[in-house]
Amino acid sequence: MNGNLSRAFVNRRGRVPHGNFELYSWLFMRISGLVLLIIAVFHLFYMHFAIGVDNIDYDLVAQRWTNPLWKIFDFFLLLFALTHGINGLRYIVDDYVHKPGWAVAVKSFIFLVYVTLLGLGAYIILTFQFTPESVQAALP
Amino acid sequence: MATRTVYRRGVPILEGLRYRGREGMFAWLLHRASGLGILLFLALHIVDIFLMAFGPEIFNELLVLYHAWWGRIMTVFLLFGVLFHALNGFRIIVQDFWPKLWPYERQLIWIEAAIFIPIFLWGAYQFLLPIFEH
């Protein structure tokens, strides 16, 4: 398995991987890519063509999140899309930032952005509690 | 394989554009640009969805991002990026796991374009139509 993987890596990049982390991050891009091909494209088309942008507002998002399946879907979409995107950004940094000190600084910053965005997104998706207007009106 | 040099990383963007890698180089460049664009949008999208925490007034106010005419133009770019990145990424994965397809890279890219163009044009038309109806 590892041999075939390394060969596929070499075919693509024209060199051997620096280590297991690079090899598996490369594999991760392929696996998450296939997952996103289904869920991200579905999300974009579903929200635009099945629901329609004009029908999206606070109530609609809140209603969707009353269904735990949509919460799980949104959470995995967030996790895969952000991790795939940030890892891609890391590749770009590798290509254009050559001074080791700068590379560490830029990648640390990117990692901080990753943790922050993942935290914000996961927090709202997983902890959001919908209070319907009728219930809100009855509150003191 | 001559096309392999197309994927040499660390090539400055302008040099990349000058370099005549044809379809492969063009796909590589668009893949990178669309990836960056999608990531930028994703960051914005996470923050705007996070605003759900501040209640309906603030959240609905912010939805102008998607409802305004310039928001719709942004979504057309998003559709372009996501659709291209998805199809091109799929081609990359197919080539990686079926190395026999490597010599047919150009043909694969043209198949990709044939799938991309009609879906994108139809989607972009749907996205932009409401601008003219208001």
Side-chain angles (χ1 to χ4, degrees), chain A residues 4-5 7-9 11-15 26-27 29-31 33-34 36-38 40-41 43-45 47-49 52-54 56-59 61-62 65 74 77-78 81-82 84-86 88-89 91-92 94-96 98 113 116-125 127-128 130 133 136, chain B residues 1 4-13 31-32 35-36 38-43 45-47 49-63 65-67 71-72 75 78-79 81-83 85-90 92-93 95-99 102 119 122-123 126-127 130:
Chain A
N4 282 337
L5 260 189
R7 210 166 307 129
F9 182 100
N11 275 340
R12 175 63 59 191
R13 297 272 175 89
R15 63 169 176 80
W26 180 87
L27 179 64
M29 290 308 256
R30 268 101 196 120
I31 293 169
L34 284 176
L36 287 166
L37 180 68
I38 297 164
V41 173
H43 172 72
L44 178 69
F45 280 70
M47 297 312 274
H48 279 94
F49 299 124
V53 198
D54 286 318
I56 298 174
D57 60 4
Y58 180 87
D59 285 354
V61 180
W65 282 343
D74 285 356
L77 182 58
L78 166 73
L82 190 62
H84 185 101
I86 290 286
L89 187 59
Y91 290 171
I92 296 177
D94 277 337
D95 277 359
Y96 296 104
H98 298 299
V113 171
T116 308
L117 287 174
L118 193 60
L120 286 179
Y123 170 81
I124 193 70
I125 293 170
T127 70
F128 186 83
F130 181 43
E133 260 177 89
Q136 273 175 2
Chain B
M1 205 177 298
R4 194 66 52 78
T5 51
V6 158
Y7 297 99
R8 209 163 42 132
R9 300 156 77 86
V11 177
I13 290 164
H31 199 71
R32 189 157 269 202
L36 268 179
I38 297 164
L39 182 61
L40 219 65
F41 171 78
L42 179 61
H45 193 36
I46 291 171
V47 173
I49 289 299
F50 179 74
L51 292 180
M52 283 290 287
F54 297 97
E57 287 83 13
I58 290 175
F59 184 77
N60 287 340
E61 193 85 19
L62 203 94
L63 284 178
L65 249 162
Y66 300 95
H67 297 162
R72 288 181 187 278
T75 9
L78 180 71
L79 175 71
V82 169
L83 202 59
H85 205 84
L87 288 168
N88 194 55
F90 186 66
I92 291 171
I93 296 169
Q95 275 180 316
D96 281 343
F97 292 99
W98 286 276
W102 267 106
I119 301 178
W122 175 79
Q126 299 291 327
F127 281 13

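So that the names make sense, note that chain A is the first sequence line, chain B the second, and so on, each numbered from 1. Note: hydrogens, waters and symmetry copies are ignored here, and every other heavy atom, side chains too, is used.
Salt bridge status for A/Arg7 with B/Asp96: absent, with no side-chain N to carboxylate O gap under 4.0 Å.
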Please walk me through it: do B/Ile38 and A/His84 pass side chain to side chain contact (heavy atoms under 4.5 Å, CB included)?
CA-CA 11 Å; B/Ile38 297 164; A/His84 185 101; over 6 Å; no

CA sep, side-chain torsions, deciding dist, call: B/Thr75, A/Val53, side chain to side chain contact (heavy atoms under 4.5 Å, CB included)
CA-CA 10 Å; B/Thr75 9; A/Val53 198; 5.9 Å; no

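Contacts of B/Phe59 with chain A are made by side-chain atoms alone, with heavy-atom separations under 4.5 Å and no backbone atom involved. Proximity to chain B involves both the backbone and the side chain of A/Leu82, based on heavy atoms less than 4.5 angstrom apart. With a threshold of 4.5 angstrom between heavy atoms, A/Leu34 approaches chain B through its backbone and through its side chain. For A/Phe9, no part sits under 4.5 Å from any heavy atom of chain B, backbone or side chain. In this structure, chain A has no heavy atom under 4.5 Å from any part of B/Ile58.
Closest approach of B/Ile49 and A/Ile124 over heavy atoms only: O-CG1, 3.8 Å. Shortest non-hydrogen contact noted between A/Asn11 and B/Pro99 is ND2-CB, 4.1 Å.
Taking chain B as the reference chain and counting heavy-atom pairs below 4.5 Å, the highest number among A/Leu118, A/Val61, A/Leu78 is found for A/Val61.
Counting heavy-atom neighbours within 6.0 Å of B/Gln126 CD, excluding the residue itself, gives a total above 12. For CZ of B/Phe41, the number of neighbouring non-hydrogen atoms (other residues, nucleotides, ligands) closer than 6.0 Å is greater than 12.
Between the CG atom of A/Leu44 and the CG atom of B/Leu83 there is a distance of 8.5 Å, given to the nearest 0.5 Å. Remark: A/Leu120 CG to B/Ile46 CD1 distance equals 8.0 Å, nearest 0.5 Å. Rounded to the nearest 0.5 angstrom, A/Asp54 CG and B/His67 NE2 are separated by 5.5 Å. Atom CD1 of B/Ile93 sits about 9.5 Å away from atom CZ of A/Arg12, to the nearest 0.5 Å.
Remark: side-chain polar atoms of B/Asn60 are paired, donor with acceptor, to backbone N or O of A/Tyr58 under 3.5 angstrom. Using modelled atom types, no side-chain atom of A/His48 and backbone atom of B/Phe127 make a donor-acceptor pair closer than 3.5 Å.
Side chains of A/Phe45 and B/Ile119 form a contact here, defined as non-hydrogen atoms less than 4.5 Å apart. Counting only heavy atoms from C-beta outward, the side chains of B/His85 and A/Leu37 never approach each other to under 4.5 Å.
Checked against the 6.0 Å centroid criterion, the rings of A/Phe128 and B/Phe50 do not qualify as a close aromatic pair.
Aromatic ring pairs are classed by plane angle as parallel below 30°, tilted from 30° to 60° and perpendicular above 60°; the pair A/Phe49 and B/Trp122 is tilted.
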